[in-house]
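One structure is given here, and the rest of the page talks about it.
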Protein chains: 2
Amino acid sequence: MVKYSRYRLDLAFGALAHPIRRGILARLASGETTVAELARPHKVSAPAISKHLRILEQAGLMSRRKRGRERVCRIEAERMKEAQGWIEGQRALWNRRLDALEKYLKENP
Amino acid sequence: MVKYSRYRLDLAFGALAHPIRRGILARLASGETTVAELARPHKVSAPAISKHLRILEQAGLMSRRKRGRERVCRIEAERMKEAQGWIEGQRALWNRRLDALEKYLKENP
DNA sequence: ACTATATTTAACCATATGGTTAAATATAGT
DNA sequence: ACTATATTTAACCATATGGTTAAATATAGT
C-alpha cells in the first residue's frame, strides 16, 4: 500500500535499479538514438524495452520524440544530477563525521 | 521473471528508491544508532522498519550488530560510493559530449 | 522466576516490476 | 492501395515491495 505520492528521487533511483535501464542510459550518455538501437544489445522483447523506456521517462531521466516512425531518445541530465546530489550530500555528512572522529582521536591519544 | 542474479548496483539503487530508507540513511550518516531510534521519525510499524533495514543491509548500504537486546545500525560507505560512482561516470560521458558539441558550435558558427 | 522492552518472523493483502505473446498503430516506401 | 518496419498497448503471469497485525525471540531488570 503506497500512501504517499512517489517523489522524484524515488522514481529516479527506482529507474536506476535495473541493469537494462542502466545500459540504456549508458548508451544515451554518448548521444541520442532510436528505440531499436537501444534495444539491440539486450535480449528481451521489444515490449519489454518499451516498458523500461517508460520507466526511465517517468523518472525524468530520459525523453522521447517522434521522428517518422521511429522514436528518438535523449538523456535528461537534470534528474541524474539530483540523484547524484542526494548521495553526495549523505557522503559529505558521513565523511565530515569521520574526519571529526579522526581529529578527535589524534588529539586524544 | 528475474533471469539474472541481482547485481550490487541493482540492490543499491533499489534500496535508495524509498523515502523511508533514504531517511534512515540520512540519519545514519550522522552516526550509528539503534533500530528504535531510526524508527522514531517514521509513522509505520516496527515490522515495516525491520523490512526496510533488511533491504538496506542486503544492498550493503548498512550493517547491524547486536548490543544487548538492541541492534545498532551503521552506514556502509563503500556501496554508497559505488552508486555515486556509476552516476558520476555517466554524467562525465554526457558532459564531455556536450562540451565537444559546444566547442564544435563555437568553431563552426 | 516474572515482566517489560527491543526486534524479528509469520501470515496475509495490494500494488509495482519485469517478462511474455498477440494485436494495434503509425509511418515509410513502393 | 499494399506491404514492411518501428513502436506501443493489451492481456497475462510470476516475483518483489510495502504495508498490516499477531506471535515469537532474546535480553534487561527486578
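Values below: every heavy atom of this structure, side chains too, minus hydrogens, waters and symmetry copies. Order of the sequence lines fixes the chain letters, A, B, ..., with proteins taken first and strands second; residue numbering starts at 1 for each chain.
Rounded to whole Å, atom P of C:dA16 lies 13 Å from atom CG of A:Asp10. Atom CD of B:Glu70 and atom P of C:dA4 are 19 Å apart (whole Å). B:Leu53 places its CG atom 15 Å from the C1' atom of D:dG19, with the value rounded to the nearest Å. Taking atom CD1 on A:Ile55 and atom C1' on D:dA16, their separation rounds to 13 Å, with Å as the unit. Across the protein-nucleic acid pair, A:His42 atom NE2 and C:dG19 atom P stand 10 Å apart, rounded to whole Å. C:dT21 atom C1' lies 11 Å from atom NZ of A:Lys51, rounded to whole Å. Across the protein-nucleic acid pair, B:Ile20 atom CD1 and D:dT17 atom P stand 15 Å apart, rounded to whole Å. For the pair B:His18 NE2 and C:dT17 P, the interatomic distance rounds to 12 Å; values are reported in whole Å.
Nucleic acid contact class of B:Arg67 (heavy atoms, under 4.0 Å, all strands): none. Residue B:Ala36 is in sugar-phosphate contact alone, with no base atom involved, counting any heavy-atom pair closer than 4.0 Å across all strands shown.
The side chain of A:His52 contributes an N or O atom lying less than 4.0 Å from OP1 or OP2 of C:dG19. An OP1 or OP2 oxygen of D:dT27 is reached within less than 4.0 angstrom by a side-chain nitrogen or oxygen of B:Lys66. OP1 and OP2 of D:dG19 both lie 4.0 Å or more from every side-chain N or O belonging to B:Ser45. Listed pair B:Arg64 / C:dT8 meets the phosphate criterion, a side-chain N or O lying under 4.0 Å from OP1 or OP2.
When both pairing distances are held under 3.5 Å, D:dT17 makes a Watson-Crick or G-U pair with C:dA14. When both distances must be under 3.5 Å, the Watson-Crick or G-U wobble mate of C:dC2 is D:dG29. In this structure, D:dA22 forms a base pair with C:dT9, meeting either the Watson-Crick or the G-U wobble geometry with both donor-acceptor distances under 3.5 Å.
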Should A:Arg65 and A:Arg71 be marked as a side chain to side chain contact (heavy atoms under 4.5 Å, CB included) after you check the CA-CA gap, both sets of side-chain angles, and the distance that decides it?
CA-CA 5 Å; A:Arg65 66 167 196 282; A:Arg71 297 272 184 126; over 6 Å; no

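B:Leu25 places a side-chain heavy atom less than 4.5 Å from the side chain of A:Trp86. Between B:Leu28 and B:Cys73, the closest side-chain pair of non-hydrogen atoms falls below 4.5 Å.
Each of A:Arg69 and A:Ile49 lies near DNA chain D, and the nucleotide nearest A:Arg69 is the one positioned closer to the 5' end.
Results of the side-chain contact (heavy atoms from CB on, under 4.5 Å) test with A:Leu61 over A:Ile24, A:Leu56, A:Ile55 single out A:Leu56 as the only residue that passes.
Between A:His18 and A:His52, the ring planes lie tilted relative to each other; the angle falls in the 30° to 60° range.
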